[in-house]
Amino acid sequence: RHEFEKGVSIAPKARLHGSGHIKGEAHIAGDVEPHDGNVVIEGKLSMDASARAIFTIPNSSRIAVSDRADLAGILTIQLTAGTTPSPTDVFPLITYAARQGMFANAADGARLAVTGGTLKVNYTATGLVLTDFQSGSPGGDTDGDGIDDDWARRYFGASPLRGGSGDNDRDGDNDRD
């Protein structure tokens, strides 16, 4: 459990993993992964294009922001081993007072690929929620980034991979290398 009294800044290639309380602004350029409880931010959340928000579902851990959430970067969803969501499951991931932007790979109303299917992305006035699981693997390169979607999700945790020119695994090489 983390406690930050004067905000926090997570640098590229760094990770905030777990749960805790942040008083002040949270600036994320690396990874944020709520686990075993919520990440509560009493202030603004600002995510850079290099940031990743990583959630494991089904899990009740989420990010709760009391002010505006400026979203960018990549949304990565991992399923707990051996679980398959149902079409009626609802997964609240982030709550906020206001929002600006969205994740590059998760437009409002789009379907986000996860192991075994897809989930619908819903940005509401007060939060980001995933719903409407549909089973089946789209297979191949349905997002047009030149990389097989299943392979990208398995090794990078997300698809699409910004046209293959990004560096989602942060190894210094682009995603095609």
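As a basis for the values below, the full set of heavy atoms in this structure was taken, side chains included, without hydrogen atoms, waters or symmetry mates.
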Item to check | Contact summary for A49 and A72, nearest pair of heavy atoms | outcome: N-CB, 4.0 Å
Item to check | Backbone N/O of L75 and side chain of N105: donor-acceptor pair under 3.5 Å | outcome: yes
Next on the checklist: Just so I know, are the side chains of L119 and T131 near enough to count as touching, which here means a heavy-atom distance under 4.5 Å?
Outcome noted: no
Checklist entry - What pairs of residues pass the ring pair (Phe, Tyr, Trp, His ring centres under 6.0 Å) test when at least one of them lies in residues 48-92, not counting sequence neighbours? => result none
Checklist entry - What's the spacing between I28 CD1 and I41 CD1 if we round to 0.5 Å? => result 6.0 Å
Checklist entry - Which residues satisfy the side-chain contact (heavy atoms from CB on, under 4.5 Å) test with Q100, sequence neighbours excluded? => result R68, D70
Checklist entry - Got a sec, which hydrophobics cluster with V90, joining ILVMFWY side chains under 4.5 Å apart, including via others? => result V129
Checklist entry - Considering only heavy atoms from C-beta outward, does the side chain of D31 approach that of L16 to under 4.5 Å? => result no
Checklist outcome for this item: With sequence neighbours left out, the residues meeting side-chain contact (heavy atoms from CB on, under 4.5 Å) with D48 are H27, A29, S50
Item to check | Partner residues of D67 under the side chain to side chain donor-acceptor pair (under 3.5 Å) criterion, sequence neighbours left out | outcome: none
Checklist entry - Listed by chain and number, what are the salt bridge (charged side-chain N to carboxylate O under 4.0 Å, His left out) partners of K120, not counting sequence neighbours? => result none
Item to check | CD1 on I63 to OH on Y96, rounded to 0.5 Å | outcome: 11.5 Å
Checklist entry - What pairs with R62 under side-chain contact (heavy atoms from CB on, under 4.5 Å), at least two apart in sequence or on another chain? => result N38, P92
Checklist outcome for this item: Which of M47, H17, R15, R52 passes side-chain contact (heavy atoms from CB on, under 4.5 Å) with V32? It is M47
Item to check | Selection residues 19-28 - residue pairs positive for salt bridge (Lys or Arg N to Asp or Glu O under 4.0 Å), sequence neighbours left out | outcome: E5-K23
Checklist entry - With sequence neighbours left out, what residues match T115 under side chain to side chain donor-acceptor pair (under 3.5 Å)? => result none
Item to check | Donor-acceptor contact present, side-chain T124 to main-chain G127, <3.5 Å | outcome: yes
Item to check | Check: G37 main-chain N/O paired with S61 side-chain donor or acceptor under 3.5 Å | outcome: yes
Checklist entry - So, S19 and D36: side-chain donor and acceptor under 3.5 Å apart, yes or no? => result no
Next on the checklist: Tell me the closest heavy-atom pair linking V39 and G18, and the distance in Å.
Outcome noted: CG2-O, 3.5 Å
Checklist entry - Tell me, do D89 and P58 make a side-chain contact under 4.5 Å, heavy atoms counted? => result no
Next on the checklist: If hydrophobic residues (ILVMFWY) are linked whenever their side-chain heavy atoms come closer than 4.5 Å, directly or via other members, who joins I54 in its cluster?
Outcome noted: none
Item to check | Side-chain heavy atoms of V40 within contact of I22, under 4.5 Å | outcome: no
Checklist entry - Under the salt bridge (Lys or Arg N to Asp or Glu O under 4.0 Å) rule, what pairs show up with a residue in residues 94-116, not counting sequence neighbours? => result R111-D132
Item to check | Sub-4.5 Å side-chain heavy-atom contact between L79 and I57 | outcome: yes
Next on the checklist: Walk me through whether T76 and E33 qualify under side-chain contact (heavy atoms from CB on, under 4.5 Å).
Outcome noted: CA-CA 9 Å; T76 300; E33 184 175 1; over 6 Å; no
Item to check | F103 vs L128 side-chain heavy atoms within contact, under 4.5 Å | outcome: yes
Checklist entry - Does the pair L130 and V121 meet the rule for a side-chain contact (heavy atoms from CB on, under 4.5 Å), with working shown? => result CA-CA 5 Å; L130 300 181; V121 178; 3.9 Å; yes
Checklist entry - In chain order, what residues pass the side-chain contact (heavy atoms from CB on, under 4.5 Å) check against A110, with sequence neighbours excluded? => result A107
